2 protein chains.
Amino acid sequence: MVQSHKSAEHYASLLRAHQLKATPQRSAIAEALEIHGHLNIEALYELLKQKLPTLSLATIYKNLHSMIDKNFVAEVKLPGAKSVYELVKEQHSHLVCEKCGKVEDISLTLEYCIDEANAKSNFTITQVDIVLRGRCHQCQ
Amino acid sequence: MVQSHKSAEHYASLLRAHQLKATPQRSAIAEALEIHGHLNIEALYELLKQKLPTLSLATIYKNLHSMIDKNFVAEVKLPGAKSVYELVKEQHSHLVCEKCGKVEDISLTLEYCIDEANAKSNFTITQVDIVLRGRCHQCQ
DNA sequence: CTCTGTGCAAAGCGTTTGCAAACGA
DNA sequence: TCGTTTGCAAACGCTTTGCACAGAG
């Protein structure tokens, strides 16, 4: 298991930088997402209950919403699976293993896609969401 | 409003070609998706109730599932919006207007993305789902 | 001290299921 | 005719809400 090397204050500052009050629940969510990268709501709840036994699902829902509103967390909708949540970072795309479901980030050059889409359509493209599917190294 | 120029038998044949019994409800779903391109469940229900007043939501859910199982219909998950459904066609990507929500198809060259992802990751990519967001011609 | 966040329980809402009747092949 | 589909209503599960108490700033 990956361990955190960040202090509680690290997450509190991150939260405050996004106009979010720093509570233990929110810090725990931030830490879990930073460590695990991508988690769905159920996984997040199971994970956090270990450290915060009284944590309620409602709190997770409320906090994910406020974190998304403040652009601190993003929801990643995956084809044929539950949404996962991640900390907002620089623009990136997602790889999903079709066998084990693992999600990884990948940085792709998107100019080509955007240019082609602008040329072929009447839209002015501002954003590209890409989900790549395939087999991860272990599942080949 | 776009009107259909296909006979009822056209949709019945399409359905049978996908191992689906041709019922009026299914033909109506196929027709609506062919005419409108992309519809969410609520829009589909409202539309179809006009022609089939006794149609139930449960029937739409059951049929969409069997149509997806038979690879006749595909679900398109959109960031921050309800899923829409479309008839399965050749591989293509989606454009979504961030103002009016309109969804259009676009054919993009994906080799570049796939090659780059294969080169930069340990995954063997088999599929790429791209959702482009921006402003459509009317909403610029 | 004040306002926001938390946890619990209840409510809400979209989706699924069970079943009898209707229907397609 | 036989197996599938339909429509209804009930059940389900995930998400949201209301509220009293606790906690952050």
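In this text the structure is predicted, and so the values were computed from the model without any measurement. Hydrogens, waters and symmetry mates are skipped; everything else that's a heavy atom, side chains included, is used. Numbers restart at 1 for each chain; the letters A, B, ... are given by sequence-line order, proteins then strands.
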Please report the interatomic distance CG(Leu48(B)) to OG(Ser56(B)), rounded to the nearest 0.5 Å.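 The CG atom of Leu48(B) sits 11.5 Å away from the OG atom of Ser56(B).
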Nearest of dT6(D), dA25(C), dC8(C) to any side-chain atom of Ser56(A)?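 Per side-chain heavy atoms of Ser56(A), the pick is dC8(C).
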Between dC19(D), dT6(D), dG23(D), spot the one nearest the side chain of Lys62(A), thanks.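 Selected nucleotide: dC19(D).
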Please report the distance, rounded to the nearest Å, between [atom1] in [X] and [atom2] in [N].
X: Glu9(A); N: dG25(D); atom1: CD; atom2: P; result: 9 Å
X: Leu57(A); N: dT17(D); atom1: CG; atom2: C1'; result: 14 Å
X: Gln19(A); N: dG25(D); atom1: CD; atom2: P; result: 13 Å
X: Leu15(A); N: dT6(C); atom1: CG; atom2: C1'; result: 15 Å
X: Arg26(B); N: dG7(D); atom1: CZ; atom2: P; result: 12 Å
X: Ile29(B); N: dT5(D); atom1: CD1; atom2: C1'; result: 12 Å
X: His18(B); N: dG24(C); atom1: NE2; atom2: P; result: 20 Å
X: Leu55(A); N: dC8(C); atom1: CG; atom2: P; result: 9 Å

Quick check on [N]: is either OP1 or OP2 less than 4.0 Å from any side-chain nitrogen or oxygen of [X]?
X: Thr23(A); N: dT6(C); result: yes
X: Asn63(A); N: dT6(C); result: yes
X: Arg16(B); N: dA25(C); result: yes
X: Gln25(A); N: dG7(C); result: yes
X: Thr59(B); N: dG7(D); result: yes

Want to settle it: does Ser66(A) or Ala58(B) sit nearer the 5' end of DNA chain C, counting the closest nucleotide to each?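 In this pair, the answer is Ser66(A).
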Nearest heavy atom decides the nucleotide; on that basis, is Glu42(B) or Leu52(A) closer to the 5' end of DNA chain C?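 Result of the comparison: Leu52(A).
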So do the side chains of Ile29(B) and Met67(B) get within less than 4.5 Å of each other, counting heavy atoms only?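 A side-chain contact exists here, since the closest heavy-atom pair is under 4.5 Å.
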Indicate yes or no: at least one non-hydrogen side-chain atom of Val128(B) is less than 4.5 angstrom from one of Ile130(B).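 Sidechains of Ile130(B) and Val128(B): in contact.
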Taking the ring of His36(B) and the ring of His38(B), is the distance between their centroids below 6.0 Å?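 Ring-ring flag for His38(B)/His36(B): false, centres at least 6.0 Å apart.
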Work out which heavy atom in Ser107(A) is nearest to a heavy atom in Glu116(B); give both atom names and the distance.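 Taking every non-hydrogen atom into account, O-OE2, 3.9 Å.
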